[in-house]
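Scroll down for the structure; my scribbles are underneath it.
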2 protein chains.
Amino acid sequence: METPSAPRTARDFARIELTRAILTRARAQLADVGPGELSVRQIARELGMASSAVYRYFPSRDHLITALLVECYDESGDAVEAAEAGVPRQQLRKRWTAMAHALRDWALDHRHEYALLYGSPVPGYAAPEDTVMPAMRTPQVFLALIADAEKQGAPLGAPTMPVPRKERAALAPIAESVGRPISDERLVRAMMAWPLLIGQLTLELFGHLHKGVLDYDVHFTHLVDRVAGDLGLT
Amino acid sequence: METPSAPRTARDFARIELTRAILTRARAQLADVGPGELSVRQIARELGMASSAVYRYFPSRDHLITALLVECYDESGDAVEAAEAGVPRQQLRKRWTAMAHALRDWALDHRHEYALLYGSPVPGYAAPEDTVMPAMRTPQVFLALIADAEKQGAPLGAPTMPVPRKERAALAPIAESVGRPISDERLVRAMMAWPLLIGQLTLELFGHLHKGVLDYDVHFTHLVDRVAGDLGLT
DNA sequence: TCTCTTTCGAGAGCAGTGCTCTCGTTTCCA
DNA sequence: TGGAAACGAGAGCACTGCTCTCGAAAGAGA
């Protein structure tokens with residue numbers, strides 16, 4: 001599993017090259033079969049090697065899938081970060097809509113990968129430590145945006161209800177992990193925007209909503225706009 | 001697959017009994033393995049029959065899973081309907097919180113079943129017609145509640161933004177399917193509450209949020225309260 | 001440069017899967 | 001009561017993840 005810290009010998013190079021090749025074939029396979037149907041033997045076959053040889057590089061199918069998981073987290077994180085970074089810092093609303101639509105676009109282009117990230121956990125429920133950092137990238141882009149809004153003193157949308165003490169306590173660890181000041185009210189709204197985004201994409205991609213009855217493009221756009229208003233992003 | 005419309009012979013009775021037995025064993029197996037790991041052979045083994053015999057009752061594993069799907073939709077629908085029906089009609093807020101918490105409770109008690117319903121689609125992406133009716137039960141409870149709120153003239157929470165023409169057009173089919181008048185603004189908010197609910201449950205159950213860092217009980221409660229306020233449920 | 005150890009790929013094999021086909025047996029219906 | 005339909009069991013096919021062994025290749029230390 002572990003890559004040699006400094007590739008020195010020809011063997012080291014061959015190893016990381018083959019590791020990459022395996023991951024690449026796995027990704028390609030993921031394009032049309034879904035994480036559950038991913039086959040180690042098929043990958044080996046496409047690479048012209050014995051299936052047992054793959055296990056020199058990934059000790060099990062689950063480890064392979066885990067590697068795929070961080071790769072996909074990183075890729076979607078890249079897409080979101082790039083889209084968000086392309087907008088001038090003070091245009092908060094546009095930064096939000098850019099990242100939201102970037103995530104959706106990526107999801108639509110990589111349905112099985114999205115399922116791998118945000119669908120039901122596929123292996124024997126193992127979320128190894130390696131995955132939590134890459135998984136946090138997109139949420140962190142979002143929270144940084146929220147912190148910027150706080151810093152700019154962007155007024156929130158119409159007030160709703162006070163944040164009770166218990167909820168404030170529940171959110172405290174998250175507020176702390178951001179490392180920048182965010183008002184409770186703003187944080188609560190942010191903590192509703194994220195599952196709304198994921199929930200909407202999940203319902204769209206997994207087809208749980210009556211197919212074709214809803215124009216997802218315009219609905220998603222409107223939904224993102226509303227969230228922007230709610231978060232006071234102008 | 002199809003059950004005899006009127007069970008008359010002993011064979012008919014045996015058939016529906018065995019069909020039920022298979023489904024029951026499948027449900028039991030689903031309690032601790034997840035939809036993807038569901039094994040026809042294992043079910044046959046537990047029932048003391050040859051695996052080939054199962055195929056007399058379900059032509060394929062996917063058909064079995066589909067049957068499981070409608071069963072789970074119905075079960076969660078029952079739970080939600082029961083909880084919502086136990087609240088006096090005019091207490092709109094309580095009806096909402098009751099159904100939301102009922103859904104979450106059911107999901108927490110049936111994680112794999114929830115994954116089957118709202119996680120990544122497990123078979124070769126087939127959502128047969130049989131599943132759409134049961135799948136609509138819970139959303140329909142919710143929409144009926146919204147229609148009741150409209151009828152009672154419950155004032156919505158603080159205004160946010162107007163509903164653009166395109167969005168109104170997109171939602172038209174859904175408004176129509178409800179069959180009762182709902183203002184655009186209210187419908188839009190309802191159409192945000194539902195994915196928020198599903199998204200929150202998905203993130204909680206699939207553990208995509210840093211484990212243990214958030215008290216899901218209190219957060220979910222607060223979130224549901226906020227949605228209630230937003231929907232004008234008092 | 002020559003050993004010695006580690007790493008590698010390939011092949012066979014195990015236990016499991018979904019699914020099909022056949023072959024007697026049982027059940028029902030006319 | 002005889003023919004047709006449904007049934008359960010078993011063998012078998014093609015596939016899976018994974019393990020083990022074995023011979024070859026590569027690197028490291030002398």
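Note on naming: letters A, B, ... go to the chains in the order of the sequence lines (proteins, then strands), and numbering restarts at 1 for each one.
Counting non-hydrogen atoms under 4.0 angstrom, B:S60 reaches the backbone sugars and phosphates but no base. Residue B:L18 is in sugar-phosphate contact alone, with no base atom involved, counting any heavy-atom pair closer than 4.0 Å across all strands shown. When heavy atoms are screened at a 4.0 angstrom cut-off, B:L38 is found touching the sugar-phosphate backbone but no base atom. As judged by a 4.0 angstrom heavy-atom cut-off over every strand, A:I43 is placed among residues making no nucleic acid contact.
Listed here is the closest heavy atom pair of A:Y73 and A:L117: OH-O, 3.5 Å. A pairwise comparison of heavy atoms in A:I174 and A:M191 identifies CD1-CE, 3.3 Å as the closest pair.
Residue B:A53 is the one, among B:A53 and B:R41, whose nearest nucleotide of DNA chain D lies closer to the 5' end (criterion: closest heavy atom). Of the two residues near DNA chain C, B:V40 and A:V54, the one whose nearest nucleotide lies more 5' is A:V54.
One can place CZ of A:R15 at 16 Å from P of C:dT6, the figure rounded to the nearest angstrom. Computed from coordinates, the B:D62 CG to C:dG18 C1' distance equals 10 Å when rounded to whole Å. In this structure, B:D12 places its CG atom 14 Å from P of C:dT27, rounding to the nearest Å. Rounded to an integer number of Å, the gap from CZ of B:R11 to C1' of C:dC28 is 6 Å. B:Y55 has its OH atom 17 Å from the C1' atom of C:dT22, to the nearest Å. Residue B:Y57 contributes atom OH, which lies 17 Å from atom P of C:dC19 at whole-angstrom precision. Atom-to-atom, CZ of A:F58 to C1' of C:dC8 comes out at 16 Å; the value is rounded to the nearest Å. At whole-Å resolution of the value, CZ in B:R56 and C1' in C:dT26 are 12 Å apart.
Using a 4.5 Å heavy-atom cutoff, the side chains of B:T221 and B:H101 are in contact. Residues A:D215 and B:L171 are not in side-chain contact: their nearest non-hydrogen atoms beyond the backbone lie 4.5 Å or more apart. Looking at heavy atoms from C-beta onward, B:D32 lies out of side-chain contact with B:E37 at the 4.5 angstrom threshold. Contact of the B:V33 side chain with the B:Q42 side chain is not registered, since no non-hydrogen atoms from C-beta on lie closer than 4.5 Å.
Using a 4.0 Å cut-off on heavy atoms, none of the residues of residues 20-34 of chain A approach DNA chain D.
Listed pair B:R45 / C:dT17 meets the phosphate criterion, a side-chain N or O lying under 4.0 Å from OP1 or OP2.
A salt bridge links A:E75 to A:R27: one of the charged nitrogens lies within less than 4.0 Å of a carboxylate oxygen. A salt bridge between B:E71 and B:R20 is present, with a side-chain N of the basic residue lying under 4.0 Å from a carboxylate O of the acidic one.
With distances taken from any side-chain atom of B:T9 to the nucleotides C:dG9, C:dC29, C:dT27, the minimum falls on C:dC29.
If you check the side chains of B:S60 and B:H63, you find a donor sitting under 3.5 Å from an acceptor. Side-chain contact annotation: A:S120 with B:Y118, donor-acceptor N/O pair under 3.5 Å absent.
In this structure, the ring of A:F220 has its center no less than 6.0 angstrom from the ring center of A:Y216.
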Could you list, one pair per line, each protein nitrogen or oxygen that sits under 3.5 Å from a nitrogen or oxygen of nucleotides 2-5 of chain C, together with the distance?
none

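A side chain to side chain donor-acceptor pair (under 3.5 Å) with B:E167 is found for one member of A:R226, A:H222, A:H219 and no other, namely A:H219.
Along DNA chain D, read 5' to 3', the first and last nucleotides having any atom under 4.0 Å from a heavy atom of chain A are D:dT16 to D:dA28.
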